[in-house]
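Values below: every heavy atom of this structure, side chains too, minus hydrogens, waters and symmetry copies. So you know, we letter chains A, B, ... as the sequences are listed, proteins then strands, and number each from 1. A quick note: this is a predicted structure, and the numbers were derived from the prediction, not measured.
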Amino acid sequence: MYSQGLIGADGATEETEEFLAKFQARIDREEKIEPNDAMPNGYRKTLVRQIGQHAHSEIVGMLPEGNWITRAPSLRRKAALLAKVQDEGGHGLYLYSAAETLGVTREQMTEELLSGKAKYSSIFNYPTPTWADIGTIGWLVDGAAIMNQIPLCRCSYGPYARAMIRVCKEESFHQRQGYEILISLCNGTEEQKQMAQDSINRWWWPSLMMFGPHDAESSHSEQSMKWKIKRFSNDELRQKFIDATVPQAEYLGLTVPDPELKWNPEKNGGKGGYDHGEIDWDEFWRVVKGHGKMNRDRIKDRKKAWDDGAWVREAALAHAEKRAARQTQHAAE
Amino acid sequence: MSNETPLWEVFIRPRNGLSHKHCGSLHAADEVLALQAARDTYTRRGEGVSIWVVPSKAIFASDPDQAAENFEPGVDKVYRHPTFYDIPEEVGHM
Ligand SMILES: [Fe+2]
Ligand SMILES: [Fe+2]
Ligand SMILES: [Fe+2]
């Protein structure tokens, strides 16, 4: 029987019409593609980029919230926030591991994040000046992430799909703990309610941008849908998110900062949905290109964490080498 | 002693899309023979669509005597579960 290593197998394929058609037929049969399967180079590249970006987002996403752990207003809130941020670190790990099955190394991905070559979600380049932001992030940002991630559980690439199932399971408390924070604030003093409203005013539009550019402007979308890496278009997911979220804002007695928001009974094939105002795509691209409020700080913090951790990684490797040498010596005696 | 045939752990993917799951072990001289033996032993009745074999000596296990200190801390952290948070029913599923 022919055997092959799991990581680092030669993924080069000759992309004949016949090969591509056969691959597409597997996708159309809803078969999962696994690391050792033959796959088009474009499929591999798209996944490496997407899973890498997703992993970076989880890790960078720990920064704006981690910033509040020591200042959480109660032990209950502190335990919840600590647990959430810890989960996000785990999500980063599952995703990096899924990307590694495609032949990219962790070192490569880390380097690309720190050099600015690899992107992460634009949402994490906004600051978190108030405690209400922790509530809003859980509710809106994790809410948008969940909306994105649920269809990814059915992604055609096996390791990514399985990582997403795990992530989604853990993710469900993140949104609830955020919304609970907002309920408390909205039941509090006028000042606390104002703090919640101000926070939604700042996070609403950036959350809608998390779904990416309009379908017409989204360059890789069509091929990704055909390969069943994606199941819904950016605009479809954004619409679902708006329709689910607006009533939740109403329950809080808060408003979303969109004067053009209006219920439209004709939308969604007669089920009804919200029409909304135009997204400021200039802002989106500005932030994506590195000119958001926090881009520089985020990368600076990640770099510092990486550099400060260097001696620990080196020491652990040196220790492991020493132990291995001692064991060989032991065996020889 | 040194002529013992090495031990391998066998992992089978039961169906397309699922993870490999540990299903047993066997002795074989190298990975090629291990895969062959695993196929003949563990997949005779359609149990799987893919096999992994791993040298048993490459697997390190947690100490069973430390199970309590390792895993009990994960049991009482109720705030890691969605049901810990009070979301009124009117808000709907979240
Ligand atoms: Fe996450
Ligand atoms: Fe999350
Ligand atoms: Fe996520």
Side-chain angles (χ1 to χ4, degrees), chain A residues 1-6 26 29-37 75-84 86-87 138-139 142-143 146 153-159 161-163 165-166 169-184 244-245 247-252 331, chain B residues 1-2 4 6 8-21 26 28-44 48-55 57-60 73-94:
Chain A
M1 189 183 279
Y2 177 63
S3 78
Q4 55 183 181
L6 182 63
R26 288 197 63 192
R29 284 196 299 271
E30 294 291 331
E31 278 179 32
K32 292 279 183 261
I33 309 301
E34 296 293 343
N36 289 344
D37 293 348
L75 184 58
R76 178 189 166 99
R77 296 292 184 222
K78 189 190 283 228
L81 184 56
L82 199 54
K84 178 189 191 287
Q86 188 181 20
D87 275 359
W139 172 43
D142 287 80
I146 292 168
C153 295
R154 294 193 297 128
C155 168
S156 61
Y157 188 57
R162 291 190 291 271
I165 290 171
R166 217 189 154 102
K169 223 187 258 166
E170 300 184 354
E171 202 73 59
S172 62
F173 103 72
H174 298 181
Q175 193 183 19
R176 289 172 67 100
Q177 65 87 36
Y179 195 72
E180 198 193 69
I181 290 173
L182 292 177
I183 292 179
S184 299
T245 311
Q248 294 165 352
E250 276 166 12
Y251 179 83
L252 292 170
Chain B
M1 274 303 263
S2 61
E4 272 178 19
W8 299 78
E9 298 304 317
V10 180
F11 298 81
I12 305 272
R13 185 194 306 287
R15 261 192 300 120
N16 176 269
L18 300 182
S19 327
H20 287 77
K21 223 176 136 190
L26 51 80
D30 62 20
E31 74 279 8
V32 177
L33 292 172
L35 280 169
Q36 232 157 51
R39 188 209 46 197
D40 294 345
T41 311
Y42 291 107
T43 64
R44 291 197 305 274
V49 294
S50 164
I51 306 171
W52 284 352
V53 290
V54 179
K57 67 172 197 286
I59 292 182
F60 299 88
V75 176
D76 63 359
K77 306 233 171 352
V78 279
Y79 51 84
R80 287 179 179 162
H81 298 274
T83 43
F84 180 71
Y85 301 91
D86 293 320
I87 306 293
E89 241 168 75
E90 304 105 279
V91 178
H93 178 76
M94 185 180 278

### Task
Drop me the distance from A:Gln177's CD to B:Arg80's CZ, to the nearest 0.5 angstrom.
13.5 Å

### Message
Given heavy-atom pairs under 4.5 angstrom as the criterion, report whether the side chain, backbone, both or neither of A:Gln86 touches chain B.
### Response
side chain

### Task
Select, from A:Arg76, A:Lys84, A:Glu31, the one with the greatest count of heavy-atom pairs under 4.5 Å involving chain B.
A:Arg76

### Task
Give, as side chain, backbone, both or neither, the part of B:Leu33 having an atom under 4.5 angstrom from any heavy atom of chain A.
neither

### Message
How long is the straight-line distance from OH of A:Tyr251 back to CD1 of B:Ile87, given to the nearest 0.5 Å?
### Response
9.0 Å

### Task
Go through the atoms of A:Arg26 and report whether side chain, backbone, both or neither lie under 4.5 Å from a heavy atom of chain B.
side chain

### Message
Among B:Tyr85, B:Tyr79, B:Phe84, which residue satisfies the ring pair (Phe, Tyr, Trp, His ring centres under 6.0 Å) criterion with A:Phe173?
### Response
B:Tyr85

## Note on the structure
Closest non-hydrogen atoms of B:Asp86 and A:Ile183, given as atom of the first, atom of the second and distance, are O-CD1, 4.1 Å

### Message
Tell me which of these, A:Lys32, A:Glu170, A:Arg162, has more heavy-atom pairs under 4.5 Å with chain B than the rest.
### Response
A:Arg162

### Message
So, taking the atom named CE in B:Met94 and the one named OG1 in A:Thr245, what distance separates them when rounded to the nearest 0.5 Å?
### Response
8.0 Å

## Note on the structure
Here the gap from A:Glu30 atom CD to B:Asn16 atom CG, rounded to the nearest 0.5 Å, amounts to 10.5 Å

### Query
Roughly how far, to the nearest 0.5 Å, is the CD atom of B:Glu90 from the CD atom of A:Gln248?
12.5 Å

### Under 4.5 Å from any heavy atom of chain B - which part of A:Ala161
neither

### Task
Flag yes if more than 12 heavy atoms outside B:Lys21 fall under 6.0 Å of its NZ atom; otherwise flag no.
no

### A:Asn36 and B:Ser50, any side-chain heavy atoms less than 4.5 Å apart
no

